[in-house]
Amino acid sequence: MAFIDLHGPLNLGATLLSGQTFRWSPEDGDDGWFRGIVFRNEIRLRQETGCIEFTCTPGPRERVAQIIQDYLRFDDDLTEIYSLLETDDRVKSSIDRYRGMRILRQDPWECLISFICSANNNIPRITRNVEDLASAFGSPILGGTSGNNAFPTAKQLADAGEKALRELGLGFRAKYVAAAAEMVSRAQIDLFSLREASYQEALDALIKLIGVGDKIANCVMLFSLNKLEAFPVDVWIDRALREWYFTPNLETVPRSRMRAWAQRRFGHYAGYANQYLFHDRRMAGQRG
DNA sequence: AGCCAGGCCCTCC
DNA sequence: GGAGGGCCTGGC
């Protein structure tokens with residue numbers, strides 16, 4: 001058992017279960033534990049007052065503690081970000097609802113493949129696709145839960161090939177996943193290096209990948225490449241903006257121009273505004 | 001049963 | 001350059 005001190009706000013549940021990532025789930029029982037896999041570590045996390053508690057395998061704990069802090073972006077000053085975004089009344093309302101929800105800093109490779117799988121798909125099936133990729137082609141984690149493998153490397157997916165990916169149930173996305181695996185495993189594109197690139201450079205590089213358009217590229221940039229100005233426009237953001245900003249008789253912005261509109265409006269931390277609006281709108285939809 | 005899902009590609013205008 | 005149709009598969 002180990003602990004990490006909290007400095008800023010944290011809503012662990014909203015952070016892990018708000019659709020940025022697909023490999024976390026609450027454990028059975030009502031004791032607040034979440035189980036997931038981050039960079040070949042199986043990790044259990046629980047939020048307590050002033051700290052988070054964790055267990056991990058294979059460890060060592062000190063290194064995993066660093067991985068967790070990096071993953072949860074504890075270097076982001078949420079108080080500062082909130083103060084900038086709360087000038088917008090609608091974003092402030094969403095922040096008030098889910099205060100402490102953080103953008104994650106994920107493995108760019110896993111993030112890319114996960115969101116390629118998200119195209120014209122539903123979340124239960126996306127989750128299943130990602131889990132199936134891991135159990136079929138990923139490596140077991142030492143001391144980890146049986147079948148709960150690490151996410152497969154680019155080489156592992158390239159070796160699997162399009163046919164096996166399609167047979168796994170990825171559908172038409174199998175071709176895109178296979179192509180991305182080839183590109184990455186042959187070092188035709190270096191995803192981690194895009195953390196040092198500008199927003200526009202990273203965007204240009206990502207959308208060269210077949211099956212990756214503006215929306216998926218913005219997800220990968222926001223959730224794994226440190227581009228907090230990224231603003232993925234999906235159906236939920238489309239609904240949120242139309243209902244909360246463009247009605248009843250305000251300017252109308254077509255889907256193709258929503259990202260630029262939002263980035264100008266919300267500025268450097270547009271991605272945080274995106275995540276709060278997205279999650280709030282999606283939860284509102286499920287509330288009915 | 002039939003519509004639709006956290007898009008993207010391709011064609012055609 | 002952008003509007004419209006098609007796409008694997010399975011959730012609901």
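So you know, we letter chains A, B, ... as the sequences are listed, proteins then strands, and number each from 1. Any value given below was found using the heavy atoms of this structure, including those in side chains, with hydrogens, waters and symmetry copies removed.
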Expressed as a whole number of Å, how far does the P atom of C/dC8 sit from that of B/dT11? 14 Å
Rounded to whole Å, CD1 of A/Ile126 lies from P of B/dC4 at a distance of 18 Å
Cationic N near anionic O, under 4.0 Å, A/Arg259 to A/Asp214: yes
Which is true for A/Gly19 with a 4.0 Å heavy-atom rule: it touches a base, it touches only sugar-phosphate, or it touches nothing? base
Option among A/Asn41, A/Thr21, A/Ile43, A/Leu45 that satisfies the side chain to side chain contact (heavy atoms under 4.5 Å, CB included) test with A/Tyr71: A/Thr21
Look at all strands and tell whether A/Phe115 reaches a base, only sugar-phosphate, or nothing, counting heavy atoms closer than 4.0 Å. base
Go through the steps to decide whether A/Phe137 and A/Leu157 satisfy the test side chain to side chain contact (heavy atoms under 4.5 Å, CB included), and finish with yes or no. CA-CA 7 Å; A/Phe137 305 118; A/Leu157 290 190; 3.8 Å; yes
Need one value for A/Arg128: base, sugar-phosphate or nothing, where a base atom within 4.0 Å counts as base even if backbone is also close, heavy atoms only. sugar-phosphate
C/dG11, B/dC8, C/dC8: which one has an atom nearest the side-chain heavy atoms of A/Asn120? C/dC8
Taking atom C1' of B/dA5 as reference, at what distance in whole Å does atom CG of A/Asn122 sit? 5 Å
Taking any heavy-atom pair under 4.0 Å as a contact, classify A/Ile123: base, sugar-phosphate, or nothing. base
Nearest-Å distance, CG (A/Leu277) to C1' (B/dG6)? 15 Å
Could you give the NZ-to-P distance, from A/Lys175 to B/dG7, as a whole number of Å? 19 Å
note: A/Asn218, atom CG; B/dG6, atom P; distance rounded to Å ~ 18 Å
Under 3.5 Å donor-acceptor pair, A/Arg166 side-chain atoms to C/dC8 base atoms: no
Per atom distances to the A/Arg239 side chain, the nearest of B/dG6, B/dC9, B/dA5 is B/dA5
Any-strand Watson-Crick or G-U partner of B/dC3, both distances under 3.5 Å: C/dG11
Under 6.0 Å between ring centres, would you say that holds for A/Trp261 and A/Phe231? no
When you measure from the side chain of A/Arg173, which nucleotide among B/dA5, B/dG6, C/dC8 comes out closest? C/dC8
Quick one: does A/Arg125 reach the base of C/dC8 with a side-chain donor-acceptor pair under 3.5 Å? yes
Cation-pi, A/Trp236 ring and A/Arg281 (6.0 angstrom, 45 degrees): no
Separation between the P atoms of B/dC3 and C/dG6, rounded to whole Å: 14 Å
Atom CG of A/Asn274 to atom P of B/dG6: distance rounded to whole Å? 15 Å
Please compare A/Pro232 and A/Ile207 by the position of their nearest nucleotide in DNA chain B and report the one closer to 5'. A/Pro232
For nucleotides C/dG5 and B/dC4, find the distance between their P atoms and express it as a whole number of Å. 14 Å
Rounded distance in Å between the P positions of B/dG6 and C/dA3: 24 Å
Which part of the nucleic acid does A/Arg255 contact within heavy-atom distance under 4.0 Å: base, sugar-phosphate only, or nothing? nothing
Assess whether a salt bridge exists between A/Lys92 and A/Asp96, defined as any Lys/Arg side-chain N lying under 4.0 Å from an Asp/Glu carboxylate O. yes
For atom C1', what is the distance between B/dC9 and C/dG10, given to the nearest Å? 22 Å
Taken to the nearest whole Å, CG/A/Asn121 to P/C/dC12 is 12 Å
OH of A/Tyr176 versus P of C/dT9: gap in Å, rounded? 14 Å
